[in-house]
Amino acid sequence: TVAELALHTAGTAALGIDVRTQAFHALSTLATAHPDLLVSPHPSVSCTTPLCAVLIPALCNLTTLTDPPSNYTSDGQDAVTLALETLSTFACSLPESHVVPPVLAHVSSAMSSGNAAQVAGALRNLAAITEGAAERLVTQLAELLPLVSQGLGSGEGCVRQAAAALAAEVAEHLQPDLAEQHL
């Protein structure tokens with residue numbers, strides 16, 4: 001399908017950032033213009049699995065990669081930034097029930113891995129979906145806040161930076177519940 005081709009293209013560093021940028025934009029356009037295509041069961045995946053159930057974990061995995069400097073756009077964006085923007089678009093365009101569980105599963109897996117790049121990527125993924133999935137995430141503040149605290153206490157700078165970004169998104173988009181329940 002177009003979505004699978006776009007995902008493959010977005011994840012192939014050898015194609016160069018210009019081609020990959022178009023692939024990320026195609027995924028975002030699909031999410032905003034045709035969300036039903038991504039949340040309905042899709043025959044290329046299985047007869048019961050929506051396409052977004054394959055796309056979202058794959059996008060989450062892209063955020064743990066590091067692109068060489070030659071794979072940056074003229075305005076300084078790389079594949080990680082583009083993948084995060086695409087996840088954010090998915091969170092704003094698709095039902096939260098299709099976005100939050102695969103991202104939280106990725107976060108859980110990354111946190112138990114002990115790999116700093118995976119943990120940082122997972123925290124950035126969670127930050128990317130916070131605005132669009134606020135209604136669902138506000139009910140999970142008790143699980144989110146320890147992730148922020150653990151990340152901020154990490155000895156790895158990339159993890160602390162990602163945790164700070166998540167903290168900022170939580171503080172901005174999960175009010176007043178954050179203040180009422182946890183301060």
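- Distance alone, capped at 3.5 Å, places no donor-acceptor pair between the S109 side chain and the A105 backbone.
- Remark: T21 OG1 to L15 CG distance equals 11.5 Å, nearest 0.5 Å.
- Remark: side-chain polar atoms of S149 are not paired, donor with acceptor, to backbone N or O of L145 under 3.5 angstrom.
- Counting only heavy atoms from C-beta outward, the side chains of S88 and I129 never approach each other to under 4.5 Å.
- The side-chain contact (heavy atoms from CB on, under 4.5 Å) search around Q161 returns none, not counting sequence neighbours.
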From CA spacing to verdict: side chain to side chain contact (heavy atoms under 4.5 Å, CB included), L152, V159: CA-CA 7 Å; L152 290 172; V159 174; over 6 Å; no
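- The line from CG of L30 to NE2 of H25 is 13.5 Å long, rounded to the nearest 0.5 Å.
- From L123, atom CG reaches atom CG of L166 across 6.0 Å, with rounding to the nearest 0.5 Å.
- With contacts defined as side-chain heavy-atom distances shorter than 4.5 Å, the pair T29/H34 does not qualify.
- Shown here are the side-chain contact (heavy atoms from CB on, under 4.5 Å) partners of T89, two or more places apart in sequence or in another chain: S28, A31, T32, S93.
- Residue Q22 holds its CD atom at 10.0 Å from CG of L82, rounded to the nearest 0.5 Å.
- When all heavy atoms are compared, the tightest approach of L87 to A128 is CB-CB, 4.4 Å.
- A donor-acceptor distance shorter than 3.5 angstrom exists from the side chain of R160 to the backbone of S154, with no hydrogens or angles considered.
- With contacts defined as side-chain heavy-atom distances shorter than 4.5 Å, the pair R124/V80 qualifies.
- Residue R136 holds its CZ atom at 10.0 Å from NE2 of H98, rounded to the nearest 0.5 Å.
- Across every non-hydrogen atom of A116 and C158, the tightest pair is O-SG, 4.0 Å.
- Considering only heavy atoms from C-beta on, F90 comes within 4.5 Å of I56 through its side chain.
- When every heavy atom of A167 is checked against every heavy atom of V148, the shortest pair comes out as CB-CG1, 3.7 Å.
- Separating the OG1 atom in T9 from the CZ atom in R20 is a distance of 10.0 Å, to the nearest 0.5 Å.
- A donor-acceptor pair is defined here as one N or O able to donate and one able to accept, closer than 3.5 Å; such a pair exists between the side chain of S113 and the backbone of A110.
- In terms of heavy-atom proximity, E143 sits nearest to T139 at OE1-O, 4.4 Å.
- Residue pairs meeting the side chain to side chain donor-acceptor pair (under 3.5 Å) criterion with at least one member in residues 125-134, sequence neighbours excluded, are T63-N125, H106-N125.
- Residues P146 and M111 fail the side-chain proximity criterion, which asks for heavy atoms closer than 4.5 Å.
- At distances below 3.5 Å, at least one donor-acceptor pair connects side-chain atoms of Q175 with backbone N or O atoms of A171.
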